[in-house]
Amino acid sequence: GAGVSQSPSNKVTEKGKDVELRCDPISGHTALYWYRQRLGQGLEFLIYFQGNSAPDKSGLPSDRFSAERTGESVSTLTIQRTQQEDSAVYLCASAYTDTQYFGPGTRLTVL
Amino acid sequence: GDSVTQMEGPVTLSEEAFLTINCTYTATGYPSLFWYVQYPGEGLQLLLKATKADDKGSNKGFEATYRKETTSFHLEKGSVQVSDSAVYFCALSMSGSEKLVFGKGMKLTVNP
């Protein structure tokens, strides 16, 4: 079946611009996660959605970052007024039980 | 807070060599433990997992045993192949469906 998909695969933007990253989870997966992987570092948790519960936003690094999820489907991660330190690969994962399935990621470059 | 510490490498081995990647964790409670692998040009994928003490996860010739007494989940393979060249991440999750906490990853290169 189809895996987790993310778009765009690459995004280059100028400092100060807003960007939106999209994640399409595996159908039927109630949980959805966003992580960030900066060069030479491990993956950092950003935000977690579980069904209709309030999302766990504890990993968002600043108020420039926000995310939404429509029901149990698509999620968008928005970064406002991008900064160079936002350059990273943004990974989305979805899960039904304790195993998370990752998408291919969006590589964001802020010039 | 909860954390994972793993060997960072990079590590280069010859084909058929024995591989151990150390991973230890700090957690309040009893986490589920995971090894994820990222092959060149591909997304992150689950390699194996263990959900309670003394469980052994295994897949593709890799094994890891959940050791509560040493808070460890070391990854081993008896004979690596060139196709095992990848970045390996150790991770924990506190209640099954919660966020993953990752180690920094270790890049492995296997030469023929």
Side-chain angles (χ1 to χ4, degrees), chain A residues 2-7 9-10 21 23-26 28-61 67 72 75 88-107, chain B residues 1-10 21-27 29-52 55 57-59 64 66 73 86-107:
Chain A
V4 178
S5 61
Q6 293 186 244
S7 60
S9 55
N10 280 285
L21 311 180
C23 172
D24 283 88
I26 294 171
H29 282 194
T30 56
L32 187 147
Y33 310 77
W34 284 97
Y35 295 88
R36 176 171 73 174
Q37 186 176 20
R38 288 190 282 189
L39 189 65
Q41 301 188 26
L43 284 84
E44 305 168 72
F45 165 76
L46 296 177
I47 188 168
Y48 158 50
F49 297 90
Q50 173 63 275
N52 294 318
S53 302
D56 176 357
K57 304 179 181 181
S58 61
L60 294 178
E72 293 186 353
S75 175
V89 177
Y90 289 82
L91 293 168
C92 174
S94 70
Y96 180 69
T97 58
D98 65 347
T99 299
Q100 296 184 25
Y101 295 86
F102 284 79
T106 294
R107 182 176 297 278
Chain B
D2 303 328
S3 66
V4 173
T5 302
Q6 65 172 108
M7 289 171 59
E8 293 186 26
I21 305 177
N22 288 340
C23 172
T24 57
Y25 66 89
T26 302
Y30 302 104
S32 295
L33 301 173
F34 305 82
W35 278 98
Y36 277 82
V37 60
Q38 190 170 32
Y39 296 104
E42 299 185 18
L44 204 62
Q45 56 187 273
L46 178 68
L47 180 60
L48 54 83
K49 68 179 183 182
T51 57
K52 62 183 187 295
D55 270 2
S58 60
N59 186 25
Y66 189 144
F73 193 55
V87 181
Y88 292 83
F89 294 89
C90 185
L92 68 80
S93 171
M94 279 313 301
S95 57
S97 58
E98 294 284 330
K99 66 185 181 186
L100 287 166
V101 176
F102 285 89
K104 291 190 175 181
M106 195 207 79
K107 182 176 181 180

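Order of the sequence lines sets the chain letters (A, B, ...), proteins ahead of strands, with each chain counted from 1. It should be emphasised that the depicted structure is a prediction, and the values quoted were computed from it without experimental measurement. Worth knowing before you read on, the calculation uses all heavy atoms, side chains too, and leaves out hydrogens, waters and symmetry mates.
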Task: Part of A:Glu44 lying under 4.5 Å from any heavy atom of chain B - done: neither
Open item on the list: With heavy-atom distances below 4.5 Å as the criterion, would you say the side chains of B:Leu44 and A:Tyr35 are in contact?
Closed with: no
Open item on the list: Quick test of your reading of the model: are B:Lys99 and A:Asp56 salt-bridged, counting only N-O distances below 4.0 Å?
Closed with: no
Task: Part of B:Glu8 lying under 4.5 Å from any heavy atom of chain A - done: neither
TODO: Identify the heavy atoms of B:Phe89 and A:Leu43 that sit nearest to each other, and give their distance.
DONE: CE2-CD1, 3.6 Å
- [ ] Would you check, one step at a time, whether the test ring-ring contact (aromatic ring centres under 6.0 Å, His included) holds for B:Phe102 with A:Phe45?
- [x] CA-CA 9 Å; B:Phe102 285 89; A:Phe45 165 76; over 10 Å; no
- [ ] Taking the side chain as every heavy atom from C-beta outward, state whether B:Leu100 and A:Gln100 have any atom pair closer than 4.5 Å.
- [x] yes
Open item on the list: So which atom in A:Thr99 and which in B:Tyr36 form the shortest heavy-atom distance, rounded to 0.1 Å?
Closed with: C-OH, 4.4 Å
TODO: Give a yes or no on this: more than 12 heavy atoms of other residues, nucleotides or ligands lie within 6.0 Å of atom OH of B:Tyr39.
DONE: yes
TODO: Measure distances from A:Thr30 to the heavy atoms of chain B and classify the residue's part below 4.5 Å as side chain, backbone, both or neither.
DONE: neither
